[in-house]
Trainee: 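Quick one: the structure is below, and I'll ask about it shortly.
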Amino acid sequence: MLKIEGLHTHYGNIHALKGIDMEIDDGEIVSLIGSNGAGKSTTLNTIAGLIHASQGKITFRGKDITNVPAYKLVDQGMSLSPEGREVFAALTVQENLRLGAYSKKDKGAIDASFQRVYDLFPRLKERINQQAGTLSGGEQQMLAIGRALMSEPGLLLLDEPSLGLAPNIVQQIFGLITDINRQGTTILLIEQNANMALSVSNRAYVLETGRISMSGDAHELADDSRVKKAYLAM
Ligand SMILES: Nc1ncnc2c1ncn2[C@@H]1O[C@H](COP(=O)(O)OP(=O)(O)O)[C@@H](O)[C@H]1O
Ligand SMILES: [Mg+2]
């Protein structure tokens, strides 16, 4: 579904991605783990068309999408839930969700997407008219994921959904990620929380200062002594 070949990204003279190769098949959950500053968000934002790639190729559903801007990728079936959630604080839950479906015209399709999101996240349904800025951190994370789902993406990109959340909320969010995947959405998950990420993923890549250092089956990586030492605090 998604193929990344020799991807490089720069911020001015900072060489953040130094030749990344990754592949995601239809129906998978794939995680990209790595320490703070490794280049995880840069990878996701380059795929999503928010940052310019300086070299390399990104193919999505057989089409070259390298440096195609984000708003066009939404129509092609790719959607991002950004790091730090970035919900619109002054808008209500429903208004935030509606923005995720901005490119859809058909009222029936939009209503069906609302229904799907409210079924997945009953807490959002209870808070339809509440301002997003007054939600808890976990609820804001649900809203960010829900908003990304409103465009009915085939590929959902999640940037650190566990960041800053209490362990029981993290459990809940990861359970929902699994549910979303079971409904047929392919997921690329970016996490510092390697333990949780590996536990829900089929495969994973480890990113170290702009390069992929390891990759493979998620459960095998979780058992790998180098991964344990560096990322699982064991
Ligand atoms: N807007 C930016 N301008 C300059 N450097 C940046 C910018 N965003 C990220 N970087 C740098 O790129 C590297 C990778 O950052 P990032 O992708 O955010 O890492 P991660 O998401 O893995 O924590 C870091 O060295 C970071 O300082
Ligand atoms: Mg990041």
Trainee: For Ile58 and Leu7: C-alpha separation, side-chain torsions, deciding distance, then whether side chain to side chain contact (heavy atoms under 4.5 Å, CB included) applies.
Mentor: CA-CA 8 Å; Ile58 307 170; Leu7 185 66; 4.0 Å; yes
Trainee: So which atom in Ile20 and which in Ile4 form the shortest heavy-atom distance, rounded to 0.1 Å?
Mentor: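 Where Ile20 meets Ile4 most closely, the heavy atoms are O-CG2, 3.5 Å.
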Trainee: Restricting to non-hydrogen atoms, name the atom on Ile145 and the atom on Leu156 that form the minimum distance, rounded to 0.1 Å.
Mentor: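 Looking at all heavy atoms of both residues, the closest pair is CG2-CD2, 4.4 Å.
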Trainee: Which pair of heavy atoms, one from Phe60 and one from Gly77, lies closest together, and at what distance?
Mentor: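 Taking every non-hydrogen atom into account, CZ-O, 3.6 Å.
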Trainee: According to a hydrophobic-cluster definition based on side-chain heavy atoms being under 4.5 Å apart (Ile, Leu, Val, Met, Phe, Trp, Tyr only), do Leu17 and Leu80 belong together?
Mentor: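 Yes, because Leu17 and Leu80 connect within a single hydrophobic cluster, where side-chain heavy atoms sit under 4.5 Å apart.
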Trainee: With a 4.5 Å heavy-atom cut-off, do Ile169 and Gln141 have their side chains touching?
Mentor: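 No, side chains not in contact.
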Trainee: For Asp224, give me all partners under side-chain contact (heavy atoms from CB on, under 4.5 Å), at least two apart in sequence or on another chain.
Mentor: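 By the side-chain contact (heavy atoms from CB on, under 4.5 Å) rule, Asp224 matches Met214, Arg226, Val227.
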Trainee: Regarding Arg182 and Asp179, does a basic nitrogen lie under 4.0 Å from an acidic carboxylate oxygen?
Mentor: yes
Trainee: Quick check for you: to the nearest 0.5 Å, what is the distance between Leu157 atom CG and Leu32 atom CG?
Mentor: 11.0 Å
Trainee: Check for a donor-acceptor pair, side chain of Tyr205 on one end and backbone N or O of Val30 on the other, with a separation under 3.5 Å.
Mentor: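 Side chain of Tyr205 to backbone of Val30, a donor-acceptor pair under 3.5 Å: no, none is there.
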Trainee: Give a yes or no on whether Lys3 atom NZ has more than 12 heavy-atom contacts from other residues, nucleotides or ligands under 6.0 Å away.
Mentor: no
Trainee: Who are the side-chain contact (heavy atoms from CB on, under 4.5 Å) partners of Ser41, not counting sequence neighbours?
Mentor: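 Ser41 satisfies side-chain contact (heavy atoms from CB on, under 4.5 Å) with Asn45, Glu83, Asp159 once adjacent residues are dropped.
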Trainee: Partners of His219 by ring pair (Phe, Tyr, Trp, His ring centres under 6.0 Å), sequence neighbours excluded?
Mentor: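 Scan of His219 (ring pair (Phe, Tyr, Trp, His ring centres under 6.0 Å), adjacent residues dropped) gives none.
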Trainee: Check whether Val74 and Met150 end up in the same hydrophobic cluster, where Ile, Leu, Val, Met, Phe, Trp and Tyr are linked by side-chain heavy atoms less than 4.5 Å apart.
Mentor: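 Not linked; separate clusters.
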Trainee: Could you please spell out the steps behind the side chain to side chain contact (heavy atoms under 4.5 Å, CB included) verdict for Leu188 and Ile47?
Mentor: CA-CA 11 Å; Leu188 174 55; Ile47 296 169; 3.8 Å; yes
Trainee: Find the distance between CZ (Arg147) and CG (Leu99) and round it off to the nearest 0.5 Å.
Mentor: 7.5 Å
Trainee: Kindly give the heavy-atom pair with the smallest separation between Gly39 and Leu207, and that separation in Å.
Mentor: C-CD2, 3.3 Å
Trainee: Under 4.5 Å between side-chain heavy atoms, hopping through other hydrophobics if needed: is there a path connecting Leu143 to Ile177?
Mentor: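 In one cluster with Leu143: Ile177, yes.
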Trainee: What closest approach, in Å, do Pro153 and Thr185 show between heavy atoms, and which atom pair accounts for it?
Mentor: O-CG2, 3.5 Å
Trainee: Quick one: do Leu149 and Leu120 satisfy side chain to side chain contact (heavy atoms under 4.5 Å, CB included)? Show the steps, please.
Mentor: CA-CA 10 Å; Leu149 285 176; Leu120 274 163; 3.7 Å; yes
Trainee: State which residues pass side-chain contact (heavy atoms from CB on, under 4.5 Å) with Arg127; sequence neighbours excluded, sorted by chain then number.
Mentor: Val93, Arg123, Gln130, Leu135, Glu139
Trainee: Atom OG of Ser54 and atom NE2 of His15: how far apart are they, to the nearest 0.5 Å?
Mentor: 5.5 Å
Trainee: Hey, what do you get for OG1 (Thr178) to CD (Gln183), rounding to the nearest 0.5 Å?
Mentor: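 That separation rounds to 11.5 Å.
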Trainee: Taking it one step at a time, do Leu2 and Thr186 satisfy side chain to side chain contact (heavy atoms under 4.5 Å, CB included)?
Mentor: CA-CA 10 Å; Leu2 184 76; Thr186 305; over 6 Å; no
Trainee: According to a 4.5 Å side-chain heavy-atom criterion applied to Ile, Leu, Val, Met, Phe, Trp and Tyr, with indirect links allowed, do Ile33 and Val200 form part of one hydrophobic cluster?
Mentor: no
Trainee: What pairs meet the salt bridge (charged side-chain N to carboxylate O under 4.0 Å, His left out) rule with one or both residues in residues 98-114, with sequence neighbours excluded?
Mentor: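 Pairs touching residues 98-114 that pass the test: Lys107-Asp111.
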Trainee: What do you reckon, is OH of Tyr102 surrounded by more than 12 foreign heavy atoms closer than 6.0 Å?
Mentor: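 More than 12 heavy atoms, drawn from other residues, nucleotides or ligands, come within 6.0 Å of this atom.
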Trainee: Could you give all pairs that pass the salt bridge (charged side-chain N to carboxylate O under 4.0 Å, His left out) test and reach residues 39-59, with sequence neighbours left out?
Mentor: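 For residues 39-59, and leaving out neighbouring residues, the salt bridge (charged side-chain N to carboxylate O under 4.0 Å, His left out) pairs sorted by first residue read Lys40-Glu160.
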Trainee: Quick one: salt bridge (charged side-chain N to carboxylate O under 4.0 Å, His left out) pairs with a partner in residues 25-34, sequence neighbours left out?
Mentor: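 Qualifying pairs, neighbours excluded: Glu28-Arg203.
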Trainee: Listed by chain and number, what are the ring pair (Phe, Tyr, Trp, His ring centres under 6.0 Å) partners of His52, not counting sequence neighbours?
Mentor: none
Trainee: Taking atom types as modelled, find out whether Thr9 and Thr46 have a side-chain donor-acceptor pair closer than 3.5 angstrom.
Mentor: yes
Trainee: Using ring pair (Phe, Tyr, Trp, His ring centres under 6.0 Å) as the criterion, list what pairs up with Tyr118, not counting sequence neighbours.
Mentor: Phe114
Trainee: Could you tell me which non-hydrogen atom of Pro161 sits nearest to which non-hydrogen atom of Ile173, and how far apart they are?
Mentor: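 Taking Pro161 first and Ile173 second, the nearest heavy atoms are CB-CG2, 4.0 Å.
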Trainee: Indicate, with yes or no, if Ile29 and Ile24 share a hydrophobic cluster defined by side-chain heavy-atom contacts under 4.5 Å among Ile, Leu, Val, Met, Phe, Trp and Tyr.
Mentor: no
Trainee: Quick one, Asp21 and Ile212 - any side-chain contact, counting heavy atoms below 4.5 Å?
Mentor: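 No; the side chains remain at least 4.5 Å from each other.
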Trainee: Return the set of residues passing side-chain contact (heavy atoms from CB on, under 4.5 Å) with Glu220 (not counting sequence neighbours), or none when no residue passes.
Mentor: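 Once residues adjacent in sequence are excluded, the partners of Glu220 under the side-chain contact (heavy atoms from CB on, under 4.5 Å) criterion are Asp217.
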Trainee: Rounded to the nearest 0.5 Å, what separation is found between the CD1 atom of Ile187 and the CG atom of Leu158?
Mentor: 5.5 Å
Trainee: How long is the gap from CG on Leu221 to CG on Leu198, to the nearest 0.5 Å?
Mentor: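 So the gap between those two atoms works out to 6.5 Å.
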Trainee: Can you name the residues that form a ring pair (Phe, Tyr, Trp, His ring centres under 6.0 Å) with Phe174, not counting sequence neighbours?
Mentor: none
Trainee: Mark yes or no for whether Gln94, through its side chain, and Asn129, through its backbone, hold a donor-acceptor pair below 3.5 Å.
Mentor: no
Trainee: Could you give all pairs that pass the side chain to side chain donor-acceptor pair (under 3.5 Å) test and reach residues 162-175, with sequence neighbours left out?
Mentor: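 Non-adjacent pairs meeting side chain to side chain donor-acceptor pair (under 3.5 Å): Ser162-Glu191.
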